[in-house]
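Below is one structure, written out as structure tokens, with a few remarks after it.
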Amino acid sequence: MCGIVAAVADRDIVPVLLEGLRKLEYRGYDSAGLALIDADGLRRLRAVGRVSGLAAQVEESHVSGHIGISHTRWATHGVPCERNAHPHISGGLAVVHNGIIENHEALRLRLKGEGYEFTSDTDTEVVAHLIASELKKTADFFTAARTAIAQLQGAFAIAVLRQDNPDRLVVAREGAPLLLGLAEDGNYAASDVAALLQVTRRIVYLENGDCAELTRDGFRITRVDGTPVERAETESQLSADAVELGQYRHYMQKEIFEQPVALSNTLEMLGTARSIQPGLFGADTESLLKDARQVLIIACGTSYHAGLVARYWLEAIAGIPCNVEVASEYRYRESVSDPDTLVVTLSQSGETADTLAALEHAKAQGMTRTLCICNVPESSLVRANALRFITRAGPEIGVASTKAFTTQLAALYLLTLILAKLRGRLSPALEASELQALRHLPSALTKVLELEPQIREWSERFAMKQDALFLGRGRHYPIALEGALKLKEITYIHAEAYPAGELKHGPLALVDKEMPVIAVAPNDILLEKLKSNLQEVRARGGELYVFADADSEMMASDGIHLMRLPEHYGQLSALLHVVPLQLLAYHVALVRGTDVDKPRNLAKSVTVE
Ligand code: HGA
């Protein structure tokens, strides 16, 4: 989603701003802009579309400067167009903003009453006018900005520049990520470390409610009321390597094929051990998990589906009750809390606004046994949890999540084994064989990827369809959900998933010869039941595409297409069965010619509510 990069330094900061924005491009955005101060005063450039369009404008207008702010926008308020692109200006000041100002309507009314004219439909513009209005009461830029920010409701990260103070930037954070980067030649701020690794690894993470003033030689942080606070400086360990596509056509394809490596990296710490160390999740794992009476998993989108799979494992293997909640629902629901709940938050980026807020909500209810599974080590989520497991999938660029999902599942399986062990439900022999099964996953998954040519063939038949139905049972029902989500996200085909047993309670009415039905059919105890469900589809003329195991007793026949996964994988088969569904969505998208890595309307890390 939106990105912010800001700089005050001895060098020309324009190349730094542009490079920083490029590093954030994969998150998805619709327009880009920057503002800086040069000899002529405040300058602003904005472009709809890619950062390259903004870079072309920069080249044409030859702008340069030592202080500037920049932004990639993913519209929430007002259509994507140049007028709504950030920065927004009021008098001699410019503002960029990530997030949503919830009380923007009331503020807009008030500011209009004061005579301010609005030129955009965004919520952000009120921030610019509000600071300008506060500057009528005090000459101090930082004080005026803080006083304005104190009046904002909602979630935001903000950077402000003022012509009359050409040596300083003001930034603030409340519910959206923002950090400072400290360098020899100046100071920087951004919504993501990746944008600043080009200039520094010395990072100071702001906390919610922090405001900061940056100059070329230093910075100070206060709470919004002006009380000074200290925040620790850390050395970022993230890799600055550009994420290259290599032999692949799209990041999503690359990330699907990276899954065996991503899984071996994630599971590397298991080594050849026959028993699992609870410390994998942090030093206090044992004390926080031992007496937990239930598990509450909170997540959004694909991560939510990983949570749904884990529920089957946690209850069946560890014998612990488990609930899985969509973060945006949980955070506003009046729920019954139990302090002995282990709260597990899942997020690829660790910046998902709803998941972060839901975690805070859980903590406020007195639930302090918190654990996150996340793919970005230095993210807000990782810092907010008592325990953490970092999946080592590597940067995931494609908006449709793939390798983050399978590595989350591997981490959730480890969590299941640890809980089972702490609860006396894992014999040493079972523990050793489960660990062996995990270690074998990368090679099992490599074999599944060999199905790609057959899947490519199937994809031709889906490309002209308007709808698709996905069916699964048990822990493969969430895999059906994930398959439907992948298809929706990147092909724009309407897809729904059902537990196969629900078919005759409604969705069977949709089935006719135009409706492809995709079934996840591993060889488990529900296979016979599923086969009956599939017959019900076939009897109504529905065309079936079945992903079975090598040893499933199923035959292809008229209207039933069958593809066999190379081996049957017990509890872990969900990790394998999702892969052909990812590949199916990818190949259907290729046939339909959609923008695979940046599907319309979507963004990578969902940092707004
Ligand atoms: N609400 C602002 C910023 C949106 C945003 O943060 N997107 O990720 C706007 O619509 O411009």
Side-chain angles (χ1 to χ4, degrees), residues 447-488 491 493-570 573-589 591-592:
K447 285 196 219 131
V448 178
L449 289 167
E450 289 166 11
L451 294 172
E452 190 185 27
Q454 281 166 267
I455 294 169
R456 194 181 301 131
E457 247 172 67
W458 277 14
S459 65
E460 303 280 341
R461 310 182 201 187
F462 282 80
M464 302 313 289
K465 300 289 181 191
Q466 301 300 321
D467 310 274
L469 196 58
F470 285 70
L471 300 176
R473 291 194 75 131
R475 57 184 178 268
H476 297 90
Y477 161 53
I479 295 305
L481 283 168
E482 178 57 11
L485 179 63
K486 288 290 92 82
L487 197 72
K488 278 184 274 209
T491 73
I493 292 175
H494 166 234
E496 288 196 63
Y498 275 91
E502 276 288 289
L503 207 51
K504 45 185 154 320
H505 297 282
L508 200 52
L510 297 171
V511 172
D512 62 15
K513 64 180 182 15
E514 291 308 321
M515 172 77 89
V517 179
I518 298 105
V520 185
N523 196 4
D524 61 17
I525 52 161
L526 290 170
L527 183 62
E528 288 308 317
K529 306 256 179 231
L530 179 72
K531 277 159 76 176
S532 309
N533 303 140
L534 300 187
Q535 286 308 327
E536 291 158 10
V537 170
R538 195 59 208 123
R540 271 94 192 156
E543 189 110 346
L544 279 160
Y545 295 84
V546 183
F547 291 96
D549 288 340
D551 52 356
S552 298
E553 284 183 18
M554 288 188 86
M555 300 300 286
S557 61
D558 185 30
I560 304 187
H561 312 276
L562 194 71
M563 200 175 301
R564 292 187 189 276
L565 269 67
E567 50 188 307
H568 170 58
Y569 221 70
S573 80
L575 270 103
L576 302 186
H577 270 274
V578 73
V579 174
L581 303 185
Q582 297 168 343
L583 282 169
L584 182 68
Y586 175 70
H587 283 286
V588 175
V591 181
R592 287 170 72 95

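Sequential numbering from 1 along the given sequence is applied to the chain's residues. Since the model is a prediction, treat every value here as computed from it, not as a measurement.
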(message) Filter on salt bridge (Lys or Arg N to Asp or Glu O under 4.0 Å), then keep only pairs touching residues 503-520, sequence neighbours left out; what's left?
(response) K465-E514, K504-E536
(message) Quick check against the 3.5 Å criterion: does R538 have a side-chain atom that pairs as donor or acceptor with the backbone of D558?
(response) yes
(request) Would you check if the side chain of D549 reaches a backbone N or O of N523 as a donor-acceptor pair within less than 3.5 Å? (result) yes
(message) Quick check against the 3.5 Å criterion: does R592 have a side-chain atom that pairs as donor or acceptor with the backbone of T491?
(response) yes
(request) To the nearest 0.5 Å, tell me how far I455 CD1 sits from L581 CG. (result) 8.0 Å
(request) Would you give the length of the straight line joining atom NZ of K531 to atom CE of M555, rounded to the nearest 0.5 angstrom? (result) 10.5 Å
(request) Applying side chain to side chain donor-acceptor pair (under 3.5 Å), name anything that partners E450, two or more places apart in sequence or on another chain. (result) none
(request) Report the distance from atom CG of D551 to atom CZ of R564, rounding to the nearest 0.5 Å. (result) 8.5 Å
(message) For residues 456-479, which residue pairs pass the ring-ring contact (aromatic ring centres under 6.0 Å, His included) check, not counting sequence neighbours?
(response) W458-Y545, W458-F547, F462-Y545, H476-H577
(message) Once side chain to side chain donor-acceptor pair (under 3.5 Å) is applied, do any residues pair with H561, and if so which ones, sequence neighbours excluded?
(response) R461, E543
(request) Please name all residues satisfying side-chain contact (heavy atoms from CB on, under 4.5 Å) with L449, sequence neighbours left out, ordered by chain then number. (result) I256, F257, P260, L445, V579, L583
(message) Under the ring-ring contact (aromatic ring centres under 6.0 Å, His included) definition, can you give me all pairs with a residue in residues 503-527, not counting sequence neighbours?
(response) none
(request) Keeping the roles fixed (side chain from K486, backbone from Q582), state whether a donor-acceptor pair exists under 3.5 Å. (result) no
